[in-house]
A.B. asks: 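I have a structure here, written as structure tokens, and I will follow up with some questions on it.
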Amino acid sequence: MDMSEDCFLVPGPVRMGDTCLKALSTPVMTARGPEYRDVMAHLNSGLRNAFNLAPSEPIRGVESWSGDDDYKVVVVSGSGTAAMEMVIANRFRSNDLVLVPTNGKFGERVAEMCQRFCNVKHLKYEWGRAFDLYELEQQLERGCYESLLICHNETSTGITQDAAAIAEMCARHKTSFILDGITSVGGMPVHPTEWGAEAVVVGAQKCTAGPSGIAAIAINSNFIERVHAIREQGDSNPNYYLDLVSALKKGADDQTPWTPAINLAMGWGAALQVLKDESNIERWERCEKMATGVRNLFLALGFELLADSAQRSNTVTAVLYPEGIDDSWRARLKDDYNTQVIGAQDHLKGKMFRVGSMGETPIEEMVEGCKRMIECFKSFGLDLPNMDVESYFE
Ligand SMILES: Cc1ncc(COP(=O)(O)O)c(C=O)c1O
């Protein structure tokens, strides 16, 4: 086995491609001049494509953040959590009530974040189990919720929520729908317009293979009107750096209220161009192919997957360790097999590993990584059958 090339199969931050790395090292430019406004226009246009929104011209001065639909994209300096906080802090008043069903760490984080800014009904499902949609419907029937928020793709457990069904329920009950799309946007079908989503959040370092520390939101006109109305009523939650009203004042002009993350924006713009060149559909299909291969291969080897079978994610797969194996397997995989996957969080720590299938990862790297994982398990004494690994990824 030739270990000279590393296999980097974590569910974000993912490996950045050469065009992104090159763009990151562009010489400095001023934050307010035409050069940077060109960068923003390119980034906004790439983001609209990644969010699966109507296109915009990547040209300064033509409102690249909007398009022929009801949405605007806003770039946020900070990781995905900052963008999620911007959405929640600006959209709700402290006496609003929101519904947050969860089945993993990142959904629970959405609920926790909401608790800082409004009232929350947290429907906590077991990690990896699908939401009970009947229970959600019953809750929405009460008519008391301003919004329903979900973590669309739960990276901690490898489950994807049935966003279309939840969106349909929210529409019937006239409740706004907000998604943490941090590991779904750019990696699997996300349909903000069809779903009538008020806001969707993405982080650069996941499915779009950009740099860590920059993120974005896509928001519709209901969301924007509500944010302005709350501000005019003097009822907003405290915030300053993440003030959306300030960001909205600058966005039409390809600008940001504070010094932007200039080089991160250039790097992300380049990565989003790679996504656009591949096309959303091709990328979603490649992610699906890799995830399906990993799932089927490990099931055939006799391993168990954490997530409910009907809703397994196409960007991250959570595989339970067999009896007698723990995270020392992951350490050996890194040190001796030049391959990285990631462990579990909280109560599942040491009990499973997670394989990312997102970004620009080529299928060959996933095949090679899976072969090394199997060899590494064998080195721990597991008696595994010989597999034709390639055949799972055809
Ligand atoms: C689904 C999801 N939401 C939120 C986050 C937090 O994002 P960040 O670390 O970019 O702040 C992550 C990070 O892994 C995630 O996977």
Side-chain angles (χ1 to χ4, degrees), residues 8-16 47 50-51 74-89 100-116 122 125 127-128 131 149-163 166 177-190 197 199-218 241-242 261 264-265 267-268 271-272 287 291 306-307 311-318 340-346 348-349 352-359 361:
F8 195 74
L9 303 172
V10 308
V14 303
R15 185 188 286 117
M16 289 175 276
L47 281 169
F51 275 117
V74 175
V75 177
V76 184
S77 294
S79 72
T81 308
M84 204 62 206
E85 184 161 336
M86 187 185 223
V87 163
I88 293 167
V100 186
T102 69
N103 48 13
K105 175 93 181 166
F106 294 106
E108 288 176 9
R109 211 178 266 179
V110 172
E112 241 173 62
M113 209 185 290
C114 286
Q115 274 155 10
R116 298 277 172 108
H122 183 180
Y125 297 98
W127 283 30
F131 300 155
L149 298 94
I150 60 167
C151 171
H152 181 208
N153 184 70
E154 184 48 83
T155 323
S156 64
T157 55
I159 190 164
T160 304
Q161 323 305 345
D162 187 347
I166 298 170
F177 182 37
I178 292 175
L179 299 94
D180 164 344
I182 289 171
T183 53
S184 60
V185 171
M188 64 181 70
V190 175
V200 185
V201 172
V202 68
Q205 79 277 21
K206 305 285 190 180
C207 304
T208 62
S212 305
I214 188 163
I217 63 179
Y241 188 75
L242 296 176
L264 298 185
W268 199 11
L272 289 166
C287 293
L306 179 74
Q311 283 177 222
R312 287 181 182 145
S313 166
N314 283 335
T315 57
V316 55
T317 302
Q340 292 191 64
V341 294
I342 208 131
Q345 290 151 302
D346 292 0
L348 291 176
K349 229 186 184 104
M352 66 174 199
F353 64 101
R354 293 175 294 145
V355 182
S357 49
M358 56 178 72
T361 307

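For the numbers below, each heavy atom of this structure counts, side chains included, while hydrogens, waters and symmetry mates do not. Counting convention: from 1, in listed order, for ligands and their atoms alike.
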A.B. asks: Name the residue from V74, I217, L242 that meets the side chain to side chain contact (heavy atoms under 4.5 Å, CB included) definition with V87.
C.D. replies: I217
A.B. asks: As a test of reading the model: which N/O atoms of the protein lie under 3.5 Å from N/O atoms of ligand 1, and at what distance?
C.D. replies:
from, atom 1, to, atom 2, distance (Å)
ligand 1, 3 (N), D180, OD2, 2.7
ligand 1, 10 (O), G80, N, 2.9
ligand 1, 10 (O), Q205, NE2, 2.8
ligand 1, 11 (O), S79, OG, 2.5
ligand 1, 11 (O), G80, N, 3.4
ligand 1, 11 (O), T81, N, 2.9
ligand 1, 11 (O), T81, OG1, 2.4
ligand 1, 14 (O), K206, NZ, 2.6
ligand 1, 16 (O), T155, OG1, 2.5

A.B. asks: Where is the tightest heavy-atom contact between M84 and D180, given as atom of each residue plus distance?
C.D. replies: SD-CB, 3.8 Å
A.B. asks: Could you list the residues that satisfy ring pair (Phe, Tyr, Trp, His ring centres under 6.0 Å) with F8, not counting sequence neighbours?
C.D. replies: none
A.B. asks: With sequence neighbours excluded, tell me which residues meet salt bridge (Lys or Arg N to Asp or Glu O under 4.0 Å) with R15.
C.D. replies: D6, E365
A.B. asks: Please answer whether the main-chain N or O of T102 pairs with a side-chain N or O of E108 as donor and acceptor at a distance below 3.5 Å.
C.D. replies: no
A.B. asks: Throw together a table of side-chain donor-acceptor distances under 3.5 angstrom for residues 202-215, partners on residues two or more places apart or in other chains.
C.D. replies:
from, atom 1, to, atom 2, distance (Å)
K206, NZ, P11, O, 3.1
T208, OG1, A204, O, 2.8
T208, OG1, W268, NE1, 2.9

